[in-house]
Amino acid sequence: MDIPAEEEKPLYSQRPEWADITPLEQYENVTPLAPIFYTDEYKDATNYFRGIVKSGEMSPRVLELTENIIRQNPGHYSAWQYRYKTLMTLKSPLDDELQLMDELAIKHLKTYQVWHHRRLLVQQTRNPGPELEFIANSLQVDMKNYHTWSYRQWILAYFNDDELWSYELDFVESMLESDMRNNSAWHHRFFVAFQSGVRNGDQDRDAIVRRELAFVKERIAIAPNNASAWNYLRGVLDHAKIPYSELQAFVLPYSLPQPPLGTPPEVVDLESPLPSKDAQLPCVAAVEFMADIHEAAGGDDLVKATELWKSLANEHDTIRKRYWEFRIVESLKTKSASDG
């Protein structure tokens, strides 16, 4: 990243206060086959950085130098590491450093080093509270950014404070209300519900499973072709070791064509909400789910599974035709072996 014009300063080689440092060229005594054409500003700064590292200096001007390099190249992990060591040596105010990270993290959300540096700082400050608000604001810029979600999970798990956890389900639900297809938010909900220990009020794990099944069913009913919700449903069932067949009554209507407008359901089942009236059916994920139920049952049910896979290959999910044909072949092998 180029330094904005209003922040441009003379090269370090032109500054008298840096005359005591011997800059080190990156390719000293080497002729590279394919040299990288760095800007003059970047080459100058990194040459002096190598000189600083060689001398072992850790001073306020090192913080200024590393910030300069990081603003030009936020992925320069050596500059980040040396900056952190310098901060620790100088006992610099880390709240000031976090304010700088607020700016850099928003600018460089997808740069791992920004988030790692922030993690190191918060381990020192031991003040995770403001981080959740900062993360929430960052997610408004990029709602699916892996590093941001990963950092949020680290904050929760590392400090494991009841106050931090208290509104986490509300937060992730608000994220899903904004975009119910946000796979990162679904993953975070699974982390909160099943992968982060048991907190006060969550000791009844069967009740948690029922809560999550009800939650995901309602979302599937609203948007049946949401792959993230179907993946979540499978994840909950697999985690709780519940056979897929127990949800056949819920899944079946989603695997069939939409009934004629105005056709009332024969039975209203509150635990198995029906697809919304404008849903595009049959739903590929539901057809696959039903095929998996029949495959698991084995025997004559393998024929039913094969028919569903054929419908996916030839009509409903032709982009994965080769995959469904593979499933059919493997199923026939299984049936042949059992018949033999």
Side-chain angles (χ1 to χ4, degrees), residues 1-125 134-135 137-139 141-142 144-148 150-151 154:
M1 173 184 172
D2 293 333
I3 301 176
E6 64 270 21
E7 297 182 14
E8 287 183 1
K9 294 181 179 180
L11 298 179
Y12 289 93
S13 59
Q14 299 170 351
R15 303 184 198 181
E17 66 270 25
W18 285 87
D20 59 312
I21 297 297
T22 302
L24 297 178
E25 295 282 343
Q26 180 168 349
Y27 298 117
E28 192 172 23
N29 299 322
V30 175
T31 303
L33 180 63
I36 300 173
F37 292 102
Y38 298 114
T39 64
D40 290 339
E41 292 79 8
Y42 185 74
K43 284 193 294 185
D44 176 70
T46 52
N47 287 349
Y48 276 83
F49 174 68
R50 281 184 285 273
I52 281 288
V53 172
K54 184 176 181 180
S55 70
E57 177 182 335
M58 293 184 182
S59 64
R61 70 175 181 176
V62 171
L63 296 179
E64 187 273 328
L65 174 63
T66 52
E67 180 181 344
N68 182 302
I69 293 170
I70 287 165
R71 286 185 179 279
Q72 296 185 72
N73 176 13
H76 196 306
Y77 51 84
S78 296
W80 281 110
Q81 181 189 38
Y82 203 80
R83 180 178 182 83
Y84 178 73
K85 290 173 64 177
T86 302
L87 287 166
M88 294 299 101
T89 299
L90 298 178
K91 295 181 170 48
S92 299
L94 298 186
D95 287 342
D96 293 346
E97 183 74 1
L98 279 169
Q99 287 184 9
L100 175 62
M101 291 307 101
D102 288 353
E103 174 199 342
L104 294 179
I106 295 296
K107 286 183 178 178
H108 308 293
L109 283 172
K110 297 183 184 297
T111 302
Y112 165 76
Q113 288 81 4
V114 177
W115 295 102
H116 180 68
H117 186 71
R118 191 177 189 98
R119 181 181 297 194
L120 294 176
L121 297 176
V122 176
Q123 283 178 308
Q124 295 294 327
T125 64
F134 169 76
I135 295 166
N137 292 334
S138 299
L139 287 171
V141 179
D142 182 354
K144 301 179 182 180
N145 183 35
Y146 168 79
H147 296 304
T148 315
S150 179
Y151 180 65
W154 176 81

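Just the heavy atoms: all of them, side chains too, but no hydrogens, waters or symmetry mates, feed the values below.
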Under 3.5 Å: donor-acceptor pair, side chain of Arg119, backbone of Tyr151 = no
Mark yes or no for whether Ser150, through its side chain, and Tyr146, through its backbone, hold a donor-acceptor pair below 3.5 Å.
-> no
Heavy-atom closest contact (Leu65 atom, Ala45 atom, distance) = CD1-O, 3.6 Å
Could you go through the side-chain contact (heavy atoms from CB on, under 4.5 Å) check for Val53 and Arg50 one step at a time?
-> CA-CA 5 Å; Val53 172; Arg50 281 184 285 273; 5.7 Å; no
For the residue pair Pro93 and Asp95, establish whether any side-chain heavy-atom pair is separated by less than 4.5 Å.
-> no
If you measure from NE2 on His76 to OG1 on Thr111, what distance do you get to the nearest 0.5 Å?
-> 13.5 Å
Exercise: identify the closest heavy-atom pair between Ser138 and Ile106 | OG-CD1, 3.5 Å
If you measure from the Lys or Arg side-chain nitrogens to the Asp or Glu carboxylate oxygens, is any gap between Arg71 and Glu103 under 4.0 Å?
-> yes
Checking Arg83 side chain against Thr66 main chain: does a donor-acceptor pair fall under 3.5 Å?
-> no
Rounded distance (nearest 0.5 Å) linking atom CD1 of Ile52 with atom CZ of Arg61 | 5.0 Å
Locate the shortest heavy-atom distance separating Ile69 from Ala79; write the atom from each residue and the value.
-> CG2-CB, 4.0 Å
Would you find a donor on one side and an acceptor on the other, under 3.5 Å apart, between the side chain of Asn145 and the backbone of Leu109?
-> yes
Is there a donor-acceptor pair under 3.5 Å between the side chain of Trp80 and the backbone N or O of Pro74?
-> yes
For the student: nearest non-hydrogen atoms of Pro10 and Gln14, plus distance | CB-OE1, 3.7 Å
Could you tell me whether the side chains of Gln113 and His108 share a donor-acceptor contact shorter than 3.5 Å?
-> no
Please answer whether the main-chain N or O of Lys110 pairs with a side-chain N or O of Trp115 as donor and acceptor at a distance below 3.5 Å.
-> no
Nearest 0.5 Å, what's the CZ-CG distance between Arg15 and Asp44?
-> 8.0 Å
Carefully, step by step, assess Asp142 and Thr148 under the rule side-chain contact (heavy atoms from CB on, under 4.5 Å).
-> CA-CA 9 Å; Asp142 182 354; Thr148 315; over 6 Å; no
Steps toward ring pair (Phe, Tyr, Trp, His ring centres under 6.0 Å) verdict (His116, Tyr77) | CA-CA 10 Å; His116 180 68; Tyr77 51 84; over 10 Å; no
Can you tell me if Asp102 uses its side chain to pair, donor with acceptor, with the backbone of Phe134 under 3.5 Å?
-> no
Aromatic plane relationship, Tyr12 with Tyr48 - under 30° parallel, 30 to 60° tilted, over 60° perpendicular = tilted
Do Gln72 and Asn68 have side-chain atoms, one donor and one acceptor, less than 3.5 Å apart?
-> yes
Should Thr86 and Ser59 be marked as a side-chain contact (heavy atoms from CB on, under 4.5 Å) after you check the CA-CA gap, both sets of side-chain angles, and the distance that decides it?
-> CA-CA 7 Å; Thr86 302; Ser59 64; 6.0 Å; no
Could you give the distance from CD1 (Ile36) to OH (Tyr42), rounded to the nearest 0.5 Å?
-> 8.5 Å
Just checking, any donor-acceptor pair under 3.5 angstrom between side chains of Tyr84 and Gln124?
-> yes
Is the shortest side-chain N to carboxylate O distance from Glu17 to Lys9 below 4.0 Å?
-> no
About how many Å separate CD of Glu41 and OG1 of Thr46, when rounded to the nearest 0.5 Å?
-> 11.0 Å
Ignoring hydrogens and geometry, is there a side-chain-to-backbone donor-acceptor pair from Asn47 to Lys43 under 3.5 Å?
-> yes
How about Val114 and Ile70: do any of their side-chain heavy atoms sit closer than 4.5 Å?
-> no
Roughly how far apart are Leu121 CG and Met88 CE, rounded to 0.5 Å?
-> 6.5 Å
Just checking, any donor-acceptor pair under 3.5 angstrom between side chains of Glu57 and Ser55?
-> no
Do Leu87 and His117 have side chains that get closer than 4.5 Å, going by heavy atoms?
-> yes
Would you sort out whether Arg118 and Trp154 count as a side-chain contact (heavy atoms from CB on, under 4.5 Å), showing the intermediate values?
-> CA-CA 11 Å; Arg118 191 177 189 98; Trp154 176 81; over 6 Å; no
